[in-house]
Number of protein chains: 2
Amino acid sequence: MQAQSTVEKAVDILFHLHAEPHSCGVTAIGRRLGLSKSSTHRLLTALSRRGLVEKDDRGRYRPGIGLVALGVGALDREPVVAAARPVLEAEAEALGETVFLVAARAGRLIVLDKSEGEGFLRAAPRVGSTVPIHATAVGKLYLAFGDGSVEAPAGDLARFSDETITGRTALEAAVARAAERGFAENSDEWIPGLSVVAAPVIATASAGRMLAAFAIAAPTPRMRSLGHEEMGRRMMAAAARVAARLEGVAQ
Amino acid sequence: MQAQSTVEKAVDILFHLHAEPHSCGVTAIGRRLGLSKSSTHRLLTALSRRGLVEKDDRGRYRPGIGLVALGVGALDREPVVAAARPVLEAEAEALGETVFLVAARAGRLIVLDKSEGEGFLRAAPRVGSTVPIHATAVGKLYLAFGDGSVEAPAGDLARFSDETITGRTALEAAVARAAERGFAENSDEWIPGLSVVAAPVIATASAGRMLAAFAIAAPTPRMRSLGHEEMGRRMMAAAARVAARLEGVAQ
DNA sequence: GATAGCGTTCCTATAATAGGAACATAGCTA
DNA sequence: TAGCTATGTTCCTATTATAGGAACGCTATC
């Protein structure tokens with residue numbers, strides 16, 4: 001991690017505090033990010049003056065309330081989120097399972113929005129969280145339809161479960177299959193017991209660029225009874241509705 | 001606005017983008033914040049590399065998805081939020097109106113959490129948003145019970161409605177009344193048609209410091225039929241439950 | 001087709017930053 | 001209790017990223 005600019009170092013501190021479950025001390029943060037203790041302290045002080053980090057009683061730092069304020073409403077600026085929201089709600093209602101929207105941002109796959117199903121056992125992704133690339137339906141879609149801004153990680157493909165695809169050729173085959181069918185699936189490859197079927201949102205107005213992925217997540221047995229092919233068609237239809245709404249808005 | 005550090009300038013850009021309803025250009029941002037065009041551009045580029053801002057098709061900038069990621073979960077770090085959540089939900093359920101939790105952060109009053117009621121006409125504060133001090137029940141509580149970190153704005157008190165208290169002596173009288181009764185109220189003083197009754201969350205373990213305010217918001221006629229005194233007692237009881245949960249957790 | 005405004009890039013004097021060292025304090029150990 | 005270790009904070013100066021003017025290419029407008 002080579003952070004040239006001061007701003008990037010400060011942002012790195014924010015993400016580090018975000019990732020840690022508990023408050024962190026100056027020394028620990030500096031050591032983790034390769035910054036000196038005094039630099040870390042000054043950056044934290046600056047962030048603290050703007051409320052992006054807070055100091056607890058013991059002088060340790062945690063994410064501040066300012067981050068919540070900045071985060072709220074940022075999603076509404078995403079045209080694709082605005083276009084997808086009613087479609088998400090309608091699909092979740094109709095299927096009774098969680099549907100969600102994922103897009104590539106800065107080379108990673110981020111959950112943009114979701115509408116949860118009603119089952120006692122249901123997927124509950126966190127909006128704003130990151131999902132892996134090589135072990136998810138959405139990741140395969142981006143490898144198949146994306147513009148190359150999303151790539152499978154270099155080196156060994158991490159194994160999350162017994163079903164995780166860890167071979168390059170097997171992954172290429174899965175990606176080719178997704179390109180051919182127009183949708184992708186994932187059964188237990190990331191989280192045992194969880195299956196996902198996803199389809200790409202492609203807007204012709206944006207030169208056929210893939211803007212996001214529309215996906216349904218359900219417990220694996222439930223997904224099997226819903227039917228992978230059937231859900232694939234359904235997600236493609238939903239993604240097309242999102243794309244149509246986007247172009248309607250754009251006109 | 002005197003921002004010495006680079007980090008603070010970058011954060012100011014984030015807040016500016018957050019406040020603007022639409023995407024902003026480099027020139028406009030720089031002009032607004034007193035930065036040169038090239039500096040603004042470099043700060044935006046740094047923020048963009050970390051996903052805190054995004055560039056749309058026309059080269060304009062808007063808040064990025066990274067802010068959502070950082071914002072999500074930041075609230076869960078607040079012990080008072082964790083302690084208050086079940087109480088919020090129970091009160092909202094019992095009363096059918098919106099109840100919410102507000103605390104002082106960096107001299108401002110921030111909505112930490114809420115549980116919405118069920119009415120067609122109901123209060124829907126945004127988590128993370130700021131509320132004024134001199135025109136709200138929570139503000140009066142902080143003036144009465146706070147440690148001085150929250151103060152009424154200098155100069156003229158802004159008038160939000162016909163009922164807004166704009167005189168210093170009248171405000172002092174309202175604060176004294178809140179100190180005496182142990183709760184505060186606000187009828188139409190901020191938003192016409194909206195009434196709020198609030199009570200302070202005071203933890204004896206924290207040397208009697210006021211940690212937050214527990215409040216109910218309802219349309220003014222509805223609040224009248226619920227009874228201000230009755231709701232005052234109810235909010236004090238709820239705030240006491242939150243305080244008790246906090247001390248139980250702290251042990 | 002001319003023009004005004006925009007985002008972007010280049011360059012160098014400048015000013016903020018980095019990091020070592022010293023300090024005060026808290027927590028732990030013996 | 002006394003000593004020790006590790007932490008958060010402050011001070012200081014060489015270094016280095018930064019600020020901002022100027023120039024560039026581009027787009028939209030008239």
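Predicted model only: the values in this text are computed from it and were never measured. Below, chains carry the letters A, B, ... as their sequence lines are ordered, and counting in each starts from 1.
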For the helix from dG1(C)-dC30(D) to dA30(C)-dT1(D), what is the angle between the axes at its two ends, each from 5 pairs, rounded to 10°?
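Answer rounded to 10°: the end axes differ by 50°.
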Look for any protein N or O under 3.5 Å of an N or O in nucleotides 12-15 of chain C and output each such pair with its distance, or none.
none

I'd like to check Ile29(B) versus Leu35(B) (side-chain heavy atoms, cut-off strictly below 4.5 Å). Are they in contact?
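When only atoms from C-beta onward are counted, Leu35(B) and Ile29(B) do not touch, as no gap falls below 4.5 Å.
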Kindly state each residue pair satisfying salt bridge (Lys or Arg N to Asp or Glu O under 4.0 Å) with at least one member in residues 32-42 of chain A, sequence neighbours excluded.
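Output for this query is empty, none listed.
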Which residue pairs pass the salt bridge (Lys or Arg N to Asp or Glu O under 4.0 Å) test with at least one member in residues 124-152 of chain A, sequence neighbours excluded?
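Of all non-adjacent pairs touching residues 124-152 of chain A, those that pass salt bridge (Lys or Arg N to Asp or Glu O under 4.0 Å) are Arg126(A)-Asp76(B), Lys140(A)-Glu189(A).
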Would you please name every residue forming a side chain to side chain contact (heavy atoms under 4.5 Å, CB included) with [X], sequence neighbours left out?
X: Leu171(B); answer: His134(B), Leu143(B), Ala152(B), Leu157(B), Ile165(B), Val175(B)
X: Ala238(A); answer: Val87(A), Glu91(A), Phe214(A)
X: Glu20(B); answer: His16(B), Cys24(B)

Pairing residues for [X] by the side chain to side chain donor-acceptor pair (under 3.5 Å) criterion, not counting sequence neighbours:
X: Arg62(A); result: Glu54(A)
X: Ser39(A); result: Ser36(A)
X: Glu116(A); result: Lys114(A), Arg122(A)
X: Asn186(B); result: none

Report each atom pair, protein N/O against N/O of nucleotides 20-23 of chain D, whose distance is under 3.5 angstrom.
residue, atom, partner, partner atom, Å
dG20(D), N7, Ser38(B), OG, 2.3
dG21(D), O6, Ser38(B), OG, 3.1

Could you state the atom-to-atom distance from CG of Leu44(B) to P of dA19(D) in whole Å?
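Taking CG of Leu44(B) and P of dA19(D), I get 12 Å after rounding.
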